[in-house]
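For reference, the structure is listed below as structure tokens.
By convention in this document, chain letters (A, B, ...) are assigned in the order of the sequence lines, proteins followed by strands, and residues within each chain are numbered from 1.
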Amino acid sequence: MDAALANLLSPPVLCFLLGLLAGVVRSDLEIPEAVARALALYLIFSIGFKGGVELAGTSDPRALLPPLLVAAGLSLLLPLPAFGLLRLLTRASRIDAAAIAAHYGSVSIVTYVAATSFLQARGIRFEGFMAALVAVMETPAILTGLLLARSGKSGAMDARRRRELLHEILANGSVVLLLGSFAIGLLTGAEGMRRLEPVVASGFQGVLCFFLLDMGLLVARRFTGFRTMGAGLLLFGLLMPIVGAATGLLAGRLVGLSLGGTALLATLSASASYIAVPAAMRLALPRADPSLSLSLALGVTFPFNLLLGIPLYLAAAGWLFG
Amino acid sequence: MDAALANLLSPPVLCFLLGLLAGVVRSDLEIPEAVARALALYLIFSIGFKGGVELAGTSDPRALLPPLLVAAGLSLLLPLPAFGLLRLLTRASRIDAAAIAAHYGSVSIVTYVAATSFLQARGIRFEGFMAALVAVMETPAILTGLLLARSGKSGAMDARRRRELLHEILANGSVVLLLGSFAIGLLTGAEGMRRLEPVVASGFQGVLCFFLLDMGLLVARRFTGFRTMGAGLLLFGLLMPIVGAATGLLAGRLVGLSLGGTALLATLSASASYIAVPAAMRLALPRADPSLSLSLALGVTFPFNLLLGIPLYLAAAGWLFG
Amino acid sequence: MDAALANLLSPPVLCFLLGLLAGVVRSDLEIPEAVARALALYLIFSIGFKGGVELAGTSDPRALLPPLLVAAGLSLLLPLPAFGLLRLLTRASRIDAAAIAAHYGSVSIVTYVAATSFLQARGIRFEGFMAALVAVMETPAILTGLLLARSGKSGAMDARRRRELLHEILANGSVVLLLGSFAIGLLTGAEGMRRLEPVVASGFQGVLCFFLLDMGLLVARRFTGFRTMGAGLLLFGLLMPIVGAATGLLAGRLVGLSLGGTALLATLSASASYIAVPAAMRLALPRADPSLSLSLALGVTFPFNLLLGIPLYLAAAGWLFG
Amino acid sequence: MQTHRRKRLEIVVEKKRAAAVLDLLDRDPEVTGWTMLPCLGGRGHTGTRLPEGATDALDTVVILVVTSEAVAQRVMAAVLELLAEHVGIVLLSDVEVARPAHF
Amino acid sequence: MQTHRRKRLEIVVEKKRAAAVLDLLDRDPEVTGWTMLPCLGGRGHTGTRLPEGATDALDTVVILVVTSEAVAQRVMAAVLELLAEHVGIVLLSDVEVARPAHF
Amino acid sequence: MQTHRRKRLEIVVEKKRAAAVLDLLDRDPEVTGWTMLPCLGGRGHTGTRLPEGATDALDTVVILVVTSEAVAQRVMAAVLELLAEHVGIVLLSDVEVARPAHF
Ligand SMILES: Nc1ncnc2c1ncn2[C@@H]1O[C@H](COP(=O)(O)O)[C@@H](O)[C@H]1O
Ligand SMILES: Nc1ncnc2c1ncn2[C@@H]1O[C@H](COP(=O)(O)O)[C@@H](O)[C@H]1O
Ligand SMILES: Nc1ncnc2c1ncn2[C@@H]1O[C@H](COP(=O)(O)O)[C@@H](O)[C@H]1O
Ligand code: NA
Ligand code: NA
Ligand code: NA
């Protein structure tokens, strides 16, 4: 409870709430899009780079492998319960349900970033390679989503479309940047950190604040979207993160992550993508309604995780770790 | 004199002059608009947040109330002498005069920021709540401007337009951000400052420099605008800040502000808005010429205050404080 | 060799390689244009300002004059061998060859910035006024390029066009900003540096990294351009920097620059402009193909200098200094 | 390729007023879509507007609507009434489309 | 001033799909050029798109092509086939140019 | 709704040359306004231009002018002369407006 309150009163979360408020009263406050996107790239670069540097400092980089596999597995499998829940709770079409499920198997980088900031403020450490897990969890869910969408139909994708999609998945900008900056951190280590520290470390909290301000504005705009959404979808947007987090907690514990790492893996599993997956879905399932999944991921699940989920998942991890 | 020279030779003012020069020789130097606007948001957030943190550290937050009321009063009343001067000195129509008067009752955030930077460089302290005064001074002047514009006509605004305008005033982006960041500073206090310090404090001078560079470019572009303006308007643009500053000085002294606070209140009163008020005027008085008031506020009064006014007002405050 | 490897493994160069890779696999990674341009302005301002501050701290600013003259001479003269080589090696038209030659007489600011970062990482000092040399080398080459282009034709430029061009050369944004920030550094000295240090110094490496990431993306996009280019042009793009660097090395030694200064002058001479000159060429020689010179300067010479040239030129300077 | 005649409306309006125009379009069940483009500046009866770092109060946008002749007439009248004395222009022209059901 | 009739094609398409359209145009030897403009947002059968700090997946652009009647017909058909079920609209209208060889 | 015929000129020109075109328009007393839009890129006789972080030398814009037939002819000729060998195209087409005094 205490942690939940501290979370709500931290500058990043307060900035998010400020953006939300400004959006709800329809203020003309607006962060230029070009700048918001650059801030997102900064956040991605920073977590990748810092993760790489941290890993470079640890003795055994092979410890990375089992968590990586587990993370990829989570991303591949989580769309299944998501799809099931959607068919149960809502009247979303098969295609729409599959598209939404793919978003929930993948991850939200900003939610992850907010969670690391939350842990750091409480002095809880986590594995440096967690950033790599973010990268591997981004795209496998897209495949499952596609299989779910196709399962009804006989017709398969034509070859060109399949090539395009594979490319979209592998060469997705945020994945490339995250893995690339991770590699740069790994290669340059402490010396690299010495050179980039004032930008990637000192500036981090401030940039996160501005970015979350913008997220608040975006989420508020999504609110009008889900007025028409129906209670079933809303329920899904709140239930699915719990399902994801529980799965992530168990997986993290099993594969031997630390307390902080387990809480982060839970957060990742609980979060839904609104960068990589929407782009891939536009290509793979053009007939799925993009505003539906974005409204859910951005308008319901993101604020839930940011405001309540993160401290909850940490508390649960704490309980699991006895 | 010494202070005036030191002001002219400070990096922010030199950057402004550089922008001015580049604009006058019609250089193609150009700060992308999206970035300039993001820098403005940064400056607003920083002064709000720092003000809130400072207030959180003081013993008696109730001391805030009298200055707040006085500031709102200044914003409400200063359009009156402005309107009188305009009708006396210029041939501006009633509507144009009222619109300009509203700009001068309100404040220029960047002028305020430059003044705080000037005070800090000289080690002069001021009240943390000054940032809140900036917020309350932004919009009351709009009401007075409207009343002045309507005083000639019988017809009132229709209900829809009135609602829109009220919304524009209350939900104006810069007001929301300034008050919001002030509240965040107040809530998170020293701990919040510890997290955001590298961004909101260390980066401040540099960002101010880049922003003033852009302001110089904009002001230079305005120069062509007021070639056609007439001596009366120019005179107004130089006289009104003096009138405003004098009023602000007395008000600051009366309500018990410190030396620094009084100089800042004088600067606020002397400055003219080019963010919140232009937006409201487009809605309330669409027939007022927007380039006229912007040319005055941005092209005449802003450089006057930045280059000469600020040290002058501080000197006057020093004299007032014996 | 060791230095070359250290260069390749530095964060800025790795970021460039990451951008290159992302571009080659046609990732949708994209740094918003507005932000990339703002970062370029930041880099220009920083090197100008730091150069001015450094010069303010030295005893004898008159030492600046001979290097300035030599630098201007290099910019004026280097287009001659470039033009000769182009006519020898390629089938570029006279006009295209003249336009390309102008690019190679001028300089690439980002290459310079990368070189200073390389020297600093190795603890090698250089003259503060080097930044001023960058400014004076930007534009003289344009004149030579024009003379070369016109040498074949009888018809001269009409008066209006000549005025426009002179203006473009003198009021070019990057030249104005570089000289202006240099002057601001000179005027405000150590006190100015104290105020701007967190932005212009601490942030420098990080910004350079992001900017080079974008350069990598741009260079990769240019690759398709020079598939159609022909081996002669490619050869020119690799040979001309060597010719330029050799000339610059000798000139630096003769005019008494330090080891670091000589390496930087070599780098400047080896580099080719893609900011000031392309703009001027669009005006002066509108029929020259702009993508040809940009593809060469950006796609061949820039990566060559960044990846191999800079350590090479330092090694050569070291050998020259015995 | 078989094409069908439609009308194209272009509305230049202040960005701060664009939401009102889009609301109007969204409330008309026969308007199937619109596209909004940014402007860098403009000149008209209310003076010249150029990119202005300091404030976005003067920003304008273009809103493009492709629809049938009848709907275009109706929307044009409604938009002109909405704009009233506000800044803005409305242009009407011919256009052909391939997928008639779309517009 | 003597002018010549040409056709103007305007294609609204997702930014991520724009490269495919441009490729198509660049492969057609009779298309002499194109111009691409950014959109701030739009509405169509796939819902409303507004500037979205978080992702550029929904961004759209307008591609303008001026060319002869015959080429315009051919390109229009090819683009519609390429877009298939993807988001996007194609508009065709009349235009006059002064330098016929240019288009 | 009663409308009136006017002409619409669209000028694609390099951003650095736009000021000269706008000057020309501003000096013509019969041109009542213009609108300028940014381009993301283009292709023509001077090659392909795509967003270029490094330099704005290749940026282009579209300038839109709505005016009477006669003025449009005059402006078109003047702009083409101004552009001369410079980059750029000029398009002319029909348009209808509701408030004839405005254009
Ligand atoms: N004749 C015109 N041609 C093209 N655009 C125009 C014209 N008149 C006005 N505009 C545009 O419409 C905006 C508002 O015009 P106005 O309401 O007349 O100030 C201007 O800023 C221009 O962008
Ligand atoms: N009737 C219309 N008028 C103008 N633009 C449209 C129209 N319909 C669709 N669009 C544009 O085309 C994009 C894709 O449309 P759609 O494929 O129907 O979702 C939309 O986001 C709009 O920008
Ligand atoms: N056929 C065309 N259709 C559309 N835009 C064109 C066409 N030709 C040229 N352009 C535009 O005009 C610019 C200059 O063309 P050019 O002078 O031919 O290089 C190009 O970059 C395009 O933006
Ligand atoms: Na997930
Ligand atoms: Na005031
Ligand atoms: Na050179």
(request) Please round to the nearest 0.5 Å and tell me the distance separating atom CZ of B:R195 and atom OG of A:S117. (result) 4.5 Å
(request) Please flag which part of B:F45 lies under 4.5 Å from any non-hydrogen atom of chain A: side chain, backbone, both or neither. (result) side chain
(request) Look up atom OH in B:Y42 and atom SG in A:C209, then write down how far apart they are to the nearest 0.5 Å. (result) 12.0 Å
(message) Rounded to the nearest 0.5 Å, what separates atom CG in A:L29 from atom CG in B:L178?
(response) 11.5 Å
(request) Measure distances from B:S202 to the heavy atoms of chain A and classify the residue's part below 4.5 Å as side chain, backbone, both or neither. (result) neither
(message) Which atoms of A:V25 are under 4.5 Å from chain B, going by heavy atoms: the side chain, the backbone, both sets, or neither?
(response) both
(request) Indicate the atoms forming the closest heavy-atom contact of A:S27 with B:H167, along with that distance. (result) N-NE2, 4.4 Å
(request) Check whether B:E197 gets within reach of chain A through its side chain, its backbone, both or neither, counting any heavy atom under 4.5 Å. (result) neither
(request) Examine whether an atom of A:P12 lies under 4.5 Å from a heavy atom of chain B, and if so say whether it belongs to the side chain, the backbone or both; otherwise answer neither. (result) side chain
(request) Answer with side chain, backbone, both or neither: which region of B:V176 has an atom nearer than 4.5 Å to a non-hydrogen atom of chain A? (result) both
(message) So does B:G173 get a backbone contact from the side chain of A:D28, meaning a donor-acceptor N/O pair under 3.5 Å?
(response) yes
(request) Quick one: closest heavy-atom pair of A:P11 and B:G192, and the distance? (result) CG-CA, 3.9 Å
(request) Kindly indicate whether the side chain of B:L187, heavy atoms from C-beta on, has any atom under 4.5 Å from the side chain of A:L14. (result) yes
(message) Looking at every heavy atom in both B:I184 and A:L18, which two are closest together, and how far apart are they?
(response) CD1-CD2, 4.1 Å
(message) Distance check, rounded to the nearest 0.5 Å: A:F204 atom CZ versus B:L196 atom CG?
(response) 12.5 Å
(request) Pick one of side chain, backbone, both or neither for A:L213, based on which atoms fall under 4.5 Å of a heavy atom in chain B. (result) side chain
